[in-house]
There are 2 protein chains.
Amino acid sequence: MPAHGETRRRMLDAAVAVMREKGASGVTIDEVLARSGAPRGSVYHHFPGGRQALIRETLDYAGESYSGMLERAAARGPDAVVTRLVEFWTRVLLDSDYRAGCPVVATAVRPPDGNEVIGRRAAEIFAGWQLAVAGAFTRAGVPGRQSATAATTLLAALDGAVSLCRTTRSLAPLNDVAAVLPRLVTL
Amino acid sequence: MPAHGETRRRMLDAAVAVMREKGASGVTIDEVLARSGAPRGSVYHHFPGGRQALIRETLDYAGESYSGMLERAAARGPDAVVTRLVEFWTRVLLDSDYRAGCPVVATAVRPPDGNEVIGRRAAEIFAGWQLAVAGAFTRAGVPGRQSATAATTLLAALDGAVSLCRTTRSLAPLNDVAAVLPRLVTL
DNA sequence: GTCTATACGAAGATAGAC
DNA sequence: GTCTATCTTCGTATAGAC
C-alpha cells in the first residue's frame with residue numbers, strides 16, 4: 001500500500017541511477033522497473049508521457065538536487081565548492097563501484113536520439129551551475145571576466161576527473177585534480 | 001571496384017565517428033552501414049565476429065591513431081601536448097558540430113552492456129596515454145611523483161573541457177582550460 | 001564480395017481485465 | 001492502481017542466391 005508518490009519516487013531514484021551510468025539514452029523502462037521493483041502497470045500511470053516524460057522528470061529531479069548542494073557550497077566560497085564536490089563524487093563513485101557519473105552532463109553531451117530538447121534542458125541546468133560557481137569566485141575577489149573562466153575550468157577539471165576515475169577504477173584522478181585545482185584557478 | 005580493405009576502412013571510419021558521438025554501446029551495425037554506405041553483406045565478411053568484433057577493431061583503430069599523435073607531441077614537451085591536443089579537439093568539435101568526443105574514454109567510462117572486456121581494453125589504451133604525457137613532464141624537469149599527477153590533471157581537464165564544449169556548443173571551455181594548464185609545469 | 005529474405009530478441013506503447 | 005497480453009519497431013544474425 002504505497003502512499004502518495006512512493007512508487008513514483010522509487011522509479012525516479014532508479015532512473016537517476018541508470019542515467020548516471022548510461023546517460024539519458026540508456027534509461028529504458030525495463031531497467032527502471034527492474035531496479036525499482038515497480039509494477040509494469042505503474043509506468044504510464046505515473047508518467048503518462050511514457051519514456052520521454054520519465055527521462056525529462058528524471059533529469060529535473062537530479063538537476064535540482066545537485067543545484068541545491070552547489071549553491072549552498074558556493075555561498076561559502078570557491079574552496080568550499082571544491083571540497084564539497086570532491087566529497088560528493090567520492091561517495092558516488094564508491095557507492096556505484098566506479099560506474100556512475102553526472103546525469104546532467106551525460107544527457108547534455110549525448111541526448112537521446114530523437115530528442116534534442118532534453119539536451120538543451122540539460123545544458124540550461126548546467127549553465128546554472130556554472131553561474132553559481134562563478135558567483136563564488138566573484139565574491140572571493142576575482143574580477144568578473146576571470147570568474148567565469150575559473151568556474152568553467154573548475155567544473156571541467158572535476159568532470160574530467162570523474163570520467164578518469166571511472167576509467168581507472170580509482171579515486172586518484174579526483175584527488176590529483178583537487179590538489180592542483182586551487183593553483184590552477186587562482187591568480 | 002574497391003581495392004583491398006577500402007570498404008572495411010570506410011566502415012571503420014564511420015564506426016569511429018559513431019563511437020565518438022554515442023560511445024561503444026551506440027555503435028550499431030545499421031548506423032555504421034548508413035554512414036559508410038557499405039553494403040549489408042560486407043558486415044560479416046569483413047568482421048566475422050559481428051558487432052562485437054567491429055567495436056573492438058574500431059576501438060583499437062581509434063586508439064592507435066591518437067596514441068601516435070600524443071607520443072609525437074609528448075616528445076616535444078608538455079606545452080606541445082596542450083597545443084597539439086587543443087588544436088586536434090578544436091577541429092573534431094567543429095567538424096562534428098559539437099557532437100564528438102573521445103571514443104576511448106567514452107568506451108572505458110561506459111562499456112557495452114554484456115562486454116566489460118572492451119572496457120578494460122579501453123582503460124589500457126588510456127593508461128598508455130597517461131604514461132606518455134607523464135614522460136613529457138618528467139623530461140621537462142618535474143619530479144617523478146608529480147609528473148603522474150600533472151599528466152592526470154592535464155588529461156582530465158582537457159577531457160572535461162571537451163564535454164563542456166559539447167554541452168555549451170562552444171569552444172570557450174577548451175580555451176579557458178588551455179589558458180591555465182601551462183601552470184602545471186611550474187608546480 | 002555483395003544482395004535479399006528471414007529468424008529472433010529487446011524495448012516502447014497500447015488495450016483490456018481485475 | 002496494477003497486471004497481462006499484444007502490436008510494432010528496431011537491431012543482430014544467418015542462410016542462400018547471384
Side-chain angles (χ1 to χ4, degrees), chain A residues 1-19 21-59 106-107 110-119, chain B residues 1-59 106-107 110-118:
Chain A
M1 290 77 209
H4 320 286
E6 211 169 290
T7 294
R8 182 186 160 85
R9 181 60 165 269
R10 286 212 324 277
M11 292 180 70
L12 283 175
D13 285 332
V16 170
V18 180
M19 195 178 276
E21 294 179 20
K22 310 188 186 179
S25 53
V27 176
T28 65
I29 290 180
D30 281 6
E31 186 150 2
V32 170
L33 290 179
R35 291 207 199 197
S36 64
R40 184 163 290 274
S42 298
V43 179
Y44 289 85
H45 175 69
H46 290 298
F47 304 93
R51 183 180 177 246
Q52 298 304 326
L54 171 62
I55 289 176
R56 180 198 321 275
E57 298 206 42
T58 300
L59 178 68
T107 302
R110 142 90 150 115
D113 278 329
N115 192 351
E116 313 82 32
V117 179
I118 203 79
Chain B
M1 291 78 210
H4 319 285
E6 211 168 292
T7 294
R8 182 188 161 84
R9 181 61 165 267
R10 286 213 323 277
M11 291 181 70
L12 282 175
D13 284 332
V16 170
V18 179
M19 196 179 274
R20 283 193 182 288
E21 295 179 20
K22 311 187 186 179
S25 54
V27 176
T28 64
I29 290 179
D30 281 6
E31 185 149 4
V32 170
L33 290 178
R35 292 208 199 196
S36 63
R40 184 164 290 273
S42 298
V43 179
Y44 289 86
H45 176 67
H46 290 298
F47 304 92
R51 183 181 178 245
Q52 297 304 326
L54 171 61
I55 289 177
R56 164 179 285 282
E57 297 206 42
T58 300
L59 178 67
T107 301
R110 142 87 150 121
D113 278 329
N115 192 350
E116 314 81 32
V117 178
I118 202 78

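The sequence lines fix the lettering, A, B, ..., with proteins before strands; numbering per chain opens at 1. Only a predicted model underlies this, so the values are computations on that prediction, with no experimental measurement involved.
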Can you confirm whether [X] sits close enough to [Y] that some side-chain heavy atom of one is under 4.5 Å from a side-chain heavy atom of the other?
X	Y	result
B/Ile118	B/Arg56	yes
B/Tyr44	B/Leu54	no
B/Glu116	B/Pro111	no

Rounded interatomic separation in angstrom, taking [atom1] from [X] and [atom2] from [N]:
X	N	atom1	atom2	result
B/His46	C/dT2	NE2	C1'	10 Å
B/Leu33	C/dT4	CG	C1'	14 Å
B/His45	D/dA15	NE2	P	17 Å
B/Arg10	C/dG1	CZ	C1'	13 Å
B/Glu6	C/dT2	CD	P	11 Å

task = Summarise protein proximity over nucleotides 11-18 of chain C in one line of letters, 5' to 3': B for base, S for sugar-phosphate only, - for none, counting protein heavy atoms closer than 4.0 Å.
result = SSBB----
task = Before accepting this row, confirm whether a basic side-chain N of the pair B/Arg35/B/Glu31 lies closer than 4.0 Å to the acidic partner's carboxylate O.
result = yes
query = With B/Glu57, which of B/Arg8, B/Gln52, B/His46 fulfils side chain to side chain donor-acceptor pair (under 3.5 Å)?
reply = B/Arg8
ask   = So how far is it from B/Ile55 CD1 to B/Thr28 OG1, rounded to the nearest 0.5 Å?
value = 9.0 Å
task = For D/dT2, take OP1 and OP2 only and decide whether either is under 4.0 Å from a side-chain N or O of A/Ser42.
result = yes
